[in-house]
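Worksheet: one structure, shown below.
Residue numbering restarts at 1 for every chain, and letters A, B, ... go by the order of the sequence lines. None of these values were measured; they are calculated from a predicted model.
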Amino acid sequence: MNDLDAQSLSLTFGNGVQALRDVSFTVESSEFVSLLGPSGCGKSTLLRIIAGLLPPTTGTMTGNAAAASQRNELSFVFQSATLLPWRTVAQNVRLPLELAGADNDASRRVAEMVELVGLGDFANSYPHELSGGMQMRASLARALVIKPRLLLLDEPFGALDDITRQHLNEELLSLWQRDKFTAIFVTHNVSEAVFLGQRVMVMTPRPGNIHGMFAIPFPYPRARSLRSSAEFAQWNGVLSNSIHEGHAQVGTS
Amino acid sequence: MKKSSARHVLEYVLPPLALFVVVLLAWYFYASGISIGDLVIWKGMPKYLVPTPSAVWTAAVEQRGKLAMATGLTALGALSGFVASLVAGALIAFIFSQSPMIQRAAWPYAIFLQTVPIVAIAPLIIIWFGSGFTAIAITAFIISLFPIITNGTQGLTALNPQAVELFAIHRATRLQKLMKLRIPNSIPHFVTGAKTAGGLSVIGGIVGEFFAGFPGEKFGLGYLIYQSSGQQKIDLLFAAIICSTLLGLGIFTAVGFASRFVLRRWVGNEE
Ligand SMILES: Nc1ncnc2c1ncn2[C@@H]1O[C@H](COP(=O)(O)OP(=O)(O)O)[C@@H](O)[C@H]1O
Ligand SMILES: [Mg+2]
C-alpha cells in the first residue's frame with residue numbers, strides 16, 4: 001500500500017475560488033517528492049489537505065500516511081520558521097513532544113536534534129538572536145523531533161538567500177537519508193525541485209492541477225557538484241518547459 | 001558592564017538633570033525678577049500668582065505631613081485600582097477570548113468604561129463609597145480597566161495563523177493551546193495595556209477626587225490641590241502639583257521597569 005493515495009481531490013473556497021480540480025497522485029513510503037509550480041497554483045492548499053487541516057470539497061485521501069497527524073506522525077514546515085519568540089531554540093524544538101505528552105526521553109531527543117541541525121551552540125538562544133537560515137534549521141529540528149512518518153514542507157527556504165538555501169537543501173537530504181520519512185516539498189524554484197526530489201510533480205494554475213510527473217534519476221547522496229553537471233541543467237530545462245506548457249494550455253502565458 | 005552604565009548616566013541622566021536646573025533658574029527669575037544694579041530688566045510676578053521655587057520649597061517643608069499623607073494616599077489608591085484593573089481586566093479579556101458571542105454582547109459596555117467622563121461619575125463614587133482611599137482606588141480602577149481589556153483580548157485572540165496550524169497538526173488540546181500559545185502571546189499586549197493604564201490610574205485618582213472633593217480626615221492629592229487653590233495657598237498648590245507629577249513619573253517608570261523585566265524573553269514579538 002502507498003503512503004499517500006490522492007483520488008480526484010477538488011477544493012473550492014467559500015468565495016468561489018476553485019483552488020484544485022481533480023488532483024490525483026500517489027506517494028510511496030519514504031519517497032521524496034517535489035511539488036513544483038508557480039505562485040497561486042494551489043500548492044499550499046494541496047499540502048493543507050494532505051495535512052488534514054483542510055477538508056477537500058470532493059475526492060479522497062487514503063494510504064498509510066493519510067491522517068498521519070491523528071497518530072502524531074506528521075510534521076509541517078512552514079514558509080516562515082514560525083518559532084515561538086518566547087521560547088529558546090531547545091524549547092521550541094521540544095514543543096511537539098510536550099504537546100504529545102513529553103516522556104523522559106524528550107530532553108535527549110531535543111538535544112540530539114538541535115545538534116544534528118548544527119545549532120548545538122544556540123540551544124539556549126532565542127529566535128530573534130538567530131539568522132533566517134538558523135531559524136529555519138530550528139524549524140526543521142522541531143519538525144523532525146517526533147520522528148514523523150510524513151513531512152510536509154511549504155516553500156521552507158523561499159525567503160533565504162541562494163547560498164543558504166543550497167546548504168539547507170543538502171542538509172535536508174542527509175536528514176531524509178538518515179530518518180527515511182516520506183517527504184513532500186513544495187517549491188516554485190525549478191533547480192531546488194530537481195536537486196531534492198526523486199520525483200517532481202509539476203502543478204499548473206486556475207484551477208490547480210497536476211500537469212506532469214517526472215522521475216529524477218540522480219542517485220543519493222546528491223552532492224553539491226550535481227548542480228553544475230550538464231544533466232542537471234537538462235532536467236531544469238525539461239521542468240521549466242513543462243511549467244510553461246501548462247501555463248500555455250490554460251491560456252495565461 | 002561598569003563602563004556602559006557610566007555612559008548610560010552620561011547620556012540619559014545628565015541631560016534631563018541639566019534641563020531641570022535651567023528650568024528651575026528660569027522659573028526663579030521669572031517669579032522674582034531680574035535686575036542689574038538699578039536697572040530692572042524684568043520686575044517679576046506677584047507672589048499670589050507665581051511663587052518662587054524657594055517659597056514652594058518652604059511651603060512643602062512646612063506642610064510635609066499633609067503632602068506626604070496626600071501623596072501616599074493617592075499613590076496607594078491609584079496603585080490598588082491599577083492592580084485590581086490588571087486582575088479584572090485579564091479575567092474579562094480571557095472570557096472575551098473564549099467566546100466571541102459574549103464579547104459581542106459585552107463590548108458596548110466595555111466601551112462605556114472608556115467614554116464615561118470620570119468627573120461625571122466621581123461624585124457618585126464618593127456618595128457610594130465615601131471619600132479618600134476607596135474613592136481614589138475605584139476611580140483609578142474604572143479608568144485603567146479599558147486598556148487592559150482591549151489589549152488583553154487582542155493578545156489572546158490575534159495569533160499567528162501558522163502557529164495555530166502548528167498546534168493543530170500536533171493535536172494540541174484547548175488547554176495546551178491556551179497555556180502554550182494564547183497566554184504567552186498575550187503577555188506583550190497586556191504589558192502595553194498596563195503601561196497606558198498605569199499613567200491613567202494616577203490621573204484618574206487625582207482628577208476624580210479633585211472634582212468630587214469634600215474633606216474626610218484623610219485625603220489625597222486631588223483634594224489637596226482643590227483645597228489649596230480655594231484657600232489661595234499658591235505655594236502649597238505648586239508643591240502639590242509637583243508631587244502629582246513626581247507620582248505619575250514614579251508609577252510610569254515602575255511600570256516601564258516591570259515591563260522590561262517581563263518582556264526580557266519577548267523581544268522578538270515586541271520590537
Ligand atoms: N483561504 C482562502 N480563501 C480563498 N481563496 C484562497 C484561500 N487560500 C488560497 N486561496 C486561493 O487559492 C489559490 C491557490 O492558493 P495557494 O494554495 O496558496 O497557492 P500556492 O501555494 O501555490 O501559491 C489562489 O488563487 C489563492 O488566492
Ligand atoms: Mg503557497
Q) Of the non-hydrogen atoms in B:K180 and A:L84, which two are nearest, and what is the gap between them? A)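 Shortest heavy-atom separation between B:K180 and A:L84 comes out as O-CD1, 4.0 Å.
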
Q) Closest approach of A:F78 and B:I169, non-hydrogen atoms and distance? A)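 In terms of heavy atoms, the two residues are closest at CZ-CD1, 4.4 Å.
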
Q: Any chance you could measure A:T82, atom OG1, to B:Q162, atom CD, to the nearest 0.5 Å?
A: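 That separation rounds to 4.0 Å.
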
Q | Inter-residue atom distance A:W86.CH2 - B:L181.CG, 0.5 Å rounding | A |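 With rounding to 0.5 Å, CH2 (A:W86) is 5.0 Å from CG (B:L181).
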
When you look at [atom1] of [X], are more than 12 heavy atoms from neighbouring residues, nucleotides or ligands closer to it than 6.0 Å?
X: A:R199; atom1: CZ; answer: yes
X: B:R174; atom1: CZ; answer: no
X: B:W107; atom1: CH2; answer: yes

With only heavy atoms counted, which part of [X] is less than 4.5 Å from chain B, the side chain, the backbone, both or neither?
X: A:S80; value: both
X: A:L74; value: both
X: A:L83; value: neither
X: A:E98; value: both

Q.
For a 4.5 angstrom cut-off between non-hydrogen side-chain atoms, does B:R171 reach A:N72?
A.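 No, their side chains stay 4.5 Å or more apart.
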
**Q.** Within-4.5 Å side-chain heavy-atom neighbours: A:L95 and B:L166
**A.**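 Yes - at least one pair of side-chain heavy atoms lies under 4.5 Å apart.
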
